[in-house]
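This report concerns only the one structure given below.
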Amino acid sequence: MKPNMIEARKRTTIKTEYLEYDNKINKLFNGEKYFLRTYGCQMNVHDSEQIRAYLENLGLEETDTLEKAKVIVLNTCAIRENAHDKVFGYLGRCKHLKEEDPSIIVAIGGCMSQEEGVVSEIEQKYPYVDIVFGTHNIHDLPNMIMNAKGNQDIDVYSIEGKVYENTLYKRDSKITAWVNIMYGCDKFCTYCIVPYTRGRQRSRKSKYIIEEVDALVKEGYKEVTLLGQNVNAYGKDLEGEISFAKLLESVAKTGIARVRFVTSHPWDFTDEMIDTIAKYDNIMPYIHLPLQSGSDRILKLMGRRYTKEEYLNLFNKIKNKVRNATITTDIIVGFPGETEEDLNDTLEVVNTCKFDGAFTFIFSPREGTPAAKMEDNTPIEVKEQRLYKLNELVNKYSKESNLKYLNKEVKVLVTGVSEKDEDKIVGYTEEMKLVNIEGDKDNIGKIIPVIITDAKSFSLDGKVKEEIKC
Ligand code: SAH
Ligand code: SF4
Ligand code: F3S
């Protein structure tokens, strides 16, 4: 079935079905290789952990060399135009491989598959793609692979509404884990494709979330990150379900060493949440709080449901109540009709909040969203200049925020060996600062005291405390 965004958009209520997934093991392949490439956000990274488990249930083993793979899966993103270009560019490489060995199976999943127009584009221009699956039917992938017969199999649901429990994950880490608490998003910000590609909000039942975290604690995990496009709206779609603050509290009480959550929408951020974060030492004081714009006029056009003043009030409340709170953000420049004055409003908020970090983007029109139809006369060169100006300011504050840690002691959960320097270990502070550490590899998986010796724009350097001799 092909997705129909207008239909999905119009539907105001959904009845979610809660189902148990039947994790069949069918070793169709015998040690043949699969190659999985993931684009996009943490949601996709976590979906790929599920895809990995299903592929391995079929007897496939992972390779990071595309040329060795019998099954190639691209888990795509649709958030901005360049996300598309990357995937279609990659498909060119798959075409050559298919020409050499037609028995290779190429599958495309993720948000791009859910986008209107993309399925027909694949049908017309990429006939060598065997399977197209969507974000709502990842669990169908094993069957689709087993039944792949050389002709294109497209199965992308436009009508979401199922939440599966008992799904398997082959997690990337044995120390930190993603835990989905909800799927989809109900906010419909006017520029954003996510409510169309991921569907309306469906919360998982809290009972299953807690069970999953309990199991992770037993397995020795040190950190969980509760995952959703708008985590603080958790439960609003489920009658009688607890609030996000209560869920956070229950997760903290499982005894996991660290709890994190992404992403928070300012509109749904309650005082109860702030109090809960402040109350529990194992809820990390790091909050990603997307601003998007500092101009009230643009915020309204974006459908963000808050004003600059409301955002600043919330920001200050969090900073005042949560000890050592670090706040990062997302900002879009070049939204249709944005003027220099609007940009200055955004820069003013950045100057006020001095964010610990920010992801900044140029507006990218996404077909089918209201903002894509808005008049946009600002030349791309001007938008690029605005982004440059914004980035200079954002980087200045993120460096300043890192400099505050110089010579201070921080607690780091060591997650592995540094990619840049094999002699160093890496990890994150409670405030989500990345630290490269001179220290023993035995510390991996532990929370250790570290003294910060250098501060860069995007990371810190440090030494394990015990190793510092006076
Ligand atoms: N649910 C998250 C956002 C996920 S998308 C939230 O609301 O915070 C991550 C970021 O991509 C958004 O915060 C936004 O800044 C950016 N983004 C989304 N759609 C975009 C578009 N059409 N053009 C440019 N940036 C976009
Ligand atoms: Fe997109 Fe807005 Fe939902 Fe975030 S809250 S996913 S920006 S619609
Ligand atoms: Fe991209 Fe989908 Fe995430 S569009 S940002 S992978 S929700």
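Keep in mind that what you see is a predicted model, and the values were worked out from it rather than measured. Computation of the quantities below employed the complete heavy-atom set of this structure, encompassing side-chain atoms and omitting hydrogens, waters and symmetry-equivalent molecules. Both counts, for ligands and for their atoms, begin at 1 and track the order of listing.
- In this structure Gln229 satisfies the side chain to side chain donor-acceptor pair (under 3.5 Å) test with no other residue, sequence neighbours excluded.
- Partner of Gln152 under the side-chain contact (heavy atoms from CB on, under 4.5 Å) criterion, out of Val119, Val106, Asp130, Ile122: Ile122 alone.
- Ion pairing between a basic and an acidic side chain is recognised when a charged N comes within 4.0 Å of a carboxylate O; Lys205 and Glu241 show no such pairing.
- With Leu60 as the fixed residue, the side-chain contact (heavy atoms from CB on, under 4.5 Å) test singles out one of Val73, Leu36, Val71: Val71.
- For the residue pair Glu375/Asn377, the side-chain donor-acceptor check at 3.5 Å is satisfied.
- Using modelled atom types, no side-chain atom of Glu165 and backbone atom of Tyr208 make a donor-acceptor pair closer than 3.5 Å.
- Interface atoms of ligand 3 facing Gln229, defined by a heavy-atom separation under 4.0 Å, are 7 (S).
- For the residue pair Thr328 and Tyr286, a side-chain donor N or O sits within less than 3.5 Å of a side-chain acceptor on the partner.
- Residues with a heavy atom under 4.0 Å from ligand 1: Ile79, Arg80, Tyr191, Gln229, Thr263, Pro290, Gln292, Arg304, Asp330, Ile332, Phe361, Ile362, Phe363, Ser364, Arg366.
- Listed by chain and number, the protein N, O or S atoms at a distance under 2.8 Å from atom 3 (Fe) of ligand 2 are Cys185 SG.
- Lys308 and Ser293 share no side-chain donor-acceptor pair at under 3.5 Å.
- Salt-bridge annotation for Arg386 and Glu340: present, with a side-chain N of the basic residue lying under 4.0 Å from a carboxylate O of the acidic one.
- For the pair Arg93 and Tyr90, the cation-pi criterion (under 6.0 Å, within 45° of the ring axis) is fulfilled.
- Within the 4.5 Å cutoff, the side chain of Phe244 has heavy atoms near those of the Ile181 side chain.
- Ligand 2 lies out of reach of Arg198, whose nearest heavy atom is not under 4.0 Å from it.
- Thr135 contributes a side-chain N or O that, together with a main-chain N or O of Thr197, makes up a donor-acceptor pair within less than 3.5 Å.
- For atom 7 (S) of ligand 2, the nearest non-hydrogen atom of the protein is Tyr191 OH, 3.4 Å.
- At least one donor-acceptor pair under 3.5 Å links the side chain of Asn23 to the backbone N or O of Asn166.
- Formation of a donor-acceptor pair under 3.5 Å by the Ser364 side chain with backbone atoms of Glu81 is found in this model.
- Each protein N/O/S atom under 2.8 Å from atom 2 (Fe) of ligand 3 was counted, for a total of 1.
- Side-chain contact, Tyr397 with Asn351: a donor N or O sits under 3.5 Å from an acceptor N or O.
- When each atom of ligand 2 is checked for a heavy atom of Arg304 under 4.0 Å away, the hits are 2 (Fe), 7 (S).
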